[in-house]
2 protein chains.
Amino acid sequence: MAKQPICDCDVIHKELVNDTQNKMKSEEDYLKLAGLFKMFDDKTRVKILHALEQNEMCVCDLAVLLGVTKSAVSHQLKALRLANLVKYRREAQIVYYSLADEHVKEILDIGFNHLYE
Amino acid sequence: MAKQPICDCDVIHKELVNDTQNKMKSEEDYLKLAGLFKMFDDKTRVKILHALEQNEMCVCDLAVLLGVTKSAVSHQLKALRLANLVKYRREAQIVYYSLADEHVKEILDIGFNHLYE
DNA sequence: AGAGTAGTTGAACAGTTGCTCAACTATCGC
DNA sequence: GCGATAGTTGAGCAACTGTTCAACTACTCT
């Protein structure tokens, strides 16, 4: 019932905390933001995204390119689809995937940029 | 010994795959990139980063602000420190944390931007 | 030196995640 | 319809991750 004690310190900078509090976004926004970056936190997924930035490709192309199974690629593509980061079109039995919009490229670019200082 | 069969498809788009292959970065780059975005994939961590974008603060401030324990905050700050995303300065017993550089703000901004379409 | 507060750390636990496997759907060509 | 290929899906498993807890360090003040 009673709240758990969260911080056992006396001197907190009340004004700083209040000021920051006012500038913070909603809980939901942070959840969504974390959810977005979660799509870029895995080696296989960033590879898929970066590959699709170069060319539209089918699941098998990606599997061969990355050296993983079709199933693994398909699972990741599903996650990326649900996050609206990739789109696809079907042509006969083949499903071609590509990036959903420019934001993806921007995020990748800013990331690479940070790595190369 | 023998390689595991990775893809059981006949028709792959060889040219597309080769072209993409040439444009891909190194394995290590993708690992680093995923490692960078991993720092933004958790609600608590993005909150910490966004809070520090507003004001330099100590561990207790962050704990109170986010409603989590000092320990939890400290663990996350350590990860962020190791990733060179935050810096700190000690003043008596108090350790003040702030963002390491503008890149962090850029990444957060582009993320929020994507959420708000 | 001793008490008190800020912060860090490592082990442990619960929850999550990415891959594999096997079974499934969808579409094509005969 | 039938067989073959592209792709999807769910269960299960091993590896990883975030939090908590308790013990620790670092600094201050008397």
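Proteins come first, then strands; the chains are lettered A, B, ... in the order of their sequence lines, and each starts at number 1.
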Quiz prompt | Whole angstrom value for the distance that separates P of D:dC27 from CZ of B:Arg89 | solution = 15 Å
Quiz item: For A:Leu62 and C:dG18, what is the distance between atoms CG and P respectively, to the nearest whole Å?
Solution: 17 Å
Quiz item: Who are the salt bridge (Lys or Arg N to Asp or Glu O under 4.0 Å) partners of B:Glu102, not counting sequence neighbours?
Solution: none
Quiz item: Using a cut-off of 4.0 Å between protein heavy atoms and nucleotide atoms, how would you tag nucleotides 7-17 of chain D 5' to 3' with B, S and -?
Solution: BBBB------S
Exercise. Return the set of residues passing ring-ring contact (aromatic ring centres under 6.0 Å, His included) with B:His75 (not counting sequence neighbours), or none when no residue passes.
Key: none
Quiz item: Among all residues two or more places apart in sequence or in another chain, which pass the side chain to side chain donor-acceptor pair (under 3.5 Å) test with B:Lys78?
Solution: none
Quiz item: Hey, is the main chain of B:Lys38 close enough, under 3.5 Å, to the side chain of B:Arg45 for a donor-acceptor pair?
Solution: yes
Self-check item: Axis bend over the full length of the helix from C:dA1-D:dT30 to C:dC30-D:dG1, computed from five pairs that close each end, to 10 degrees
Solution: 30°
Quiz prompt | side-chain contact (heavy atoms from CB on, under 4.5 Å) involving B:Arg90 - partner list, sequence neighbours excluded | solution = B:Val95
Quiz item: Partners of A:Phe37 by ring-ring contact (aromatic ring centres under 6.0 Å, His included), sequence neighbours excluded?
Solution: B:Phe37, B:Phe40
Quiz item: For B:Gln21, which residues count as a side chain to side chain donor-acceptor pair (under 3.5 Å) partner, sequence neighbours excluded?
Solution: none
Quiz item: Looking at residues at least two apart in the chain, or sitting in another chain, which of them share a side-chain contact (heavy atoms from CB on, under 4.5 Å) with B:Asp19?
Solution: A:Asn55, B:Lys23
